[in-house]
Amino acid sequence: MKSSLSVNHLLGIKEINKDDIELILKTAEHFKEIINRPIKKVPSLRDITIANLFFENSTRTKLSFELAEKRLSADVINFSSSSSSVKKGETLIDTVNNILAMKVDMVVMRHPSPGAAVFLSKNVKSIIINAGDGTHEHPTQALLDAYSIKQKHGNIRGKKVVIVGDIMHSRVALSNIFCLQKCGAEVMVCGPATLIPKFIYQLGVKVEINLMKALQWCDVANILRIQLERLDNYEGSNSNYFPSLREYTMQYGINLDILNSLGKKITIMHPGPINRGVEITSDAADSEHSIILEQVENGVAIRMAVIYLLAGKAGQV
Ligand code: CP
């Protein structure tokens, strides 16, 4: 297996190859073992400083990156757009160049605009990791999802994975499709026709409108929340995409009765945050089918692996 990534940034899963994914998953396995030791820290990145720039809300990704950086002994600074000079009209490039002037080596960024991470990588001199850019990509989420499937099922190749919900507004869906296909899984998307974008048909995935048929087909179901903040003109029952959240739940909500009626055991995943009672009920989210908290645990090891592998590229950007 190779020991270096083919890229200097992690902008999306589309830009990396199968060998890169295998290297990240293998490296994460090593870090997972380390973070389960009594002393969870390694001195690997004592000479590296990382800035976490979050222009959009986050719980899991932000804390997971920060913990991963601290476990690697990197110096960490955190930036939140709500309390920064972005509010006074500073551009993204000026903001980041000012942070880089403080001798920062790597930038982790979440931003509401699709393509923001690619834009930044072309305009500043730093390693960039995309922590989610609008409806575009969320590469570390897809990597931790792939790692979690491998951990649960032994391998990813040949597995049937359905992604259920708001496919149109989901960066998790797009990154998962690229990642799972590169790892040899079969991928299906399932949701209301209004939330399935037309471009999805060009990606070689199966499309299913009927939830029960999708669940009967799959080994793994990755359940997405409705991205209410991204729905145009969403006003409770006046959504352009479905009549009401209650009706969405009746058609696409997962519950334990549904899982028990399948006649086989499937694995349930969710990237979070969960809207309990909408896309999934508590009895399903907290059931033995669910690996939702394992996903969160694996996220730290995956982010350690990504940061560690990219830190080796510090002189090349
Ligand atoms: N999965 C995920 O991106 O969660 P956060 O929005 O809390 O980071």
Side-chain angles (χ1 to χ4, degrees), residues 10-14 24-25 28 50-71 76 78-82 107-117 128-149 151-152 161-180 189 191 220-231 254 267-276 278-280 284-286 290-307:
L10 181 62
L11 304 174
I13 301 292
K14 194 173 184 186
I24 293 167
L25 299 195
I50 304 175
N52 299 317
L53 274 55
F54 278 73
F55 292 87
E56 201 186 61
N57 294 343
S58 170
T59 300
R60 278 146 292 272
T61 311
K62 186 168 186 290
L63 294 178
S64 180
F65 266 112
E66 189 173 346
L67 202 53
E69 291 151 5
K70 288 179 172 168
R71 297 275 191 252
V76 179
N78 288 303
F79 165 97
S80 155
S81 59
S82 58
V107 170
V108 174
M109 183 175 75
R110 170 167 288 192
H111 200 283
S113 300
I128 308 296
I129 299 178
N130 181 4
D133 59 333
T135 55
H136 179 222
E137 280 227 39
H138 192 349
T140 55
Q141 181 68 47
L143 290 163
L144 76 88
D145 289 344
Y147 184 95
S148 302
I149 292 171
Q151 180 181 266
K152 176 77 182 175
V161 183
V162 63
I163 305 168
V164 181
D166 181 0
I167 310 300
M168 180 175 281
H169 302 99
S170 172
R171 54 193 173 213
V172 174
L174 197 57
S175 287
N176 259 269
I177 290 168
F178 291 141
C179 192
L180 291 167
V189 295
V220 177
N222 196 351
I223 314 301
L224 306 179
R225 77 184 170 91
I226 297 291
Q227 311 261 306
L228 290 177
E229 72 278 22
R230 300 193 207 282
L231 299 194
I254 308 276
T267 299
I268 294 294
M269 301 173 69
H270 194 307
I274 296 177
N275 288 146
R276 286 176 185 262
V278 179
E279 72 274 12
I280 190 164
D286 304 332
S290 165
I291 58 165
I292 294 170
L293 290 179
E294 283 94 323
Q295 290 173 260
V296 178
E297 180 186 345
N298 293 334
V300 178
I302 282 290
R303 289 173 177 121
M304 286 175 81
V306 168
I307 293 163

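Counting starts at 1 for both ligands and their atoms, following the listed order.
Less than 4.0 angstrom separates some heavy atom of T61 from each of these atoms of ligand 1: 2 (C), 3 (O), 4 (O), 5 (P), 8 (O). Which parts of ligand 1 touch G272 is read off a 4.0 Å heavy-atom cut-off, strictly below it: atoms 1 (N), 2 (C), 4 (O). Close approach to T59 involves these atoms of ligand 1, each under 4.0 Å from a residue heavy atom: 5 (P), 7 (O), 8 (O).
S148 contributes a side-chain N or O that, together with a main-chain N or O of L144, makes up a donor-acceptor pair within less than 3.5 Å.
For the 3.5 Å distance criterion, the side chains of E137 and N130 fail to qualify, holding no donor opposite an acceptor.
Look at R110 and you'll find a heavy atom under 4.0 Å from some atom of ligand 1.
The two residues Y147 and L25 come nearest to each other via the heavy atoms CE1-O, 3.6 Å. Nearest heavy atom pair, residue A173 against residue I167, reads CB-CG2, 4.1 Å.
For atom 3 (O) of ligand 1, the choice among R60, H138, Q141 with the nearest heavy atom turns out to be H138.
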**OP:** Using the side-chain hydrogen bond (donor to acceptor under 3.5 Å, both in side chains) rule, take R110 and H138 through it: C-alpha gap first, then chi angles, then the decisive distance, then the call.
**Re:** CA-CA 9 Å; R110 170 167 288 192; H138 192 349; 3.2 Å; yes
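Nearest non-hydrogen protein atom to atom 1 (N) of ligand 1 is P271 O, 2.8 Å.
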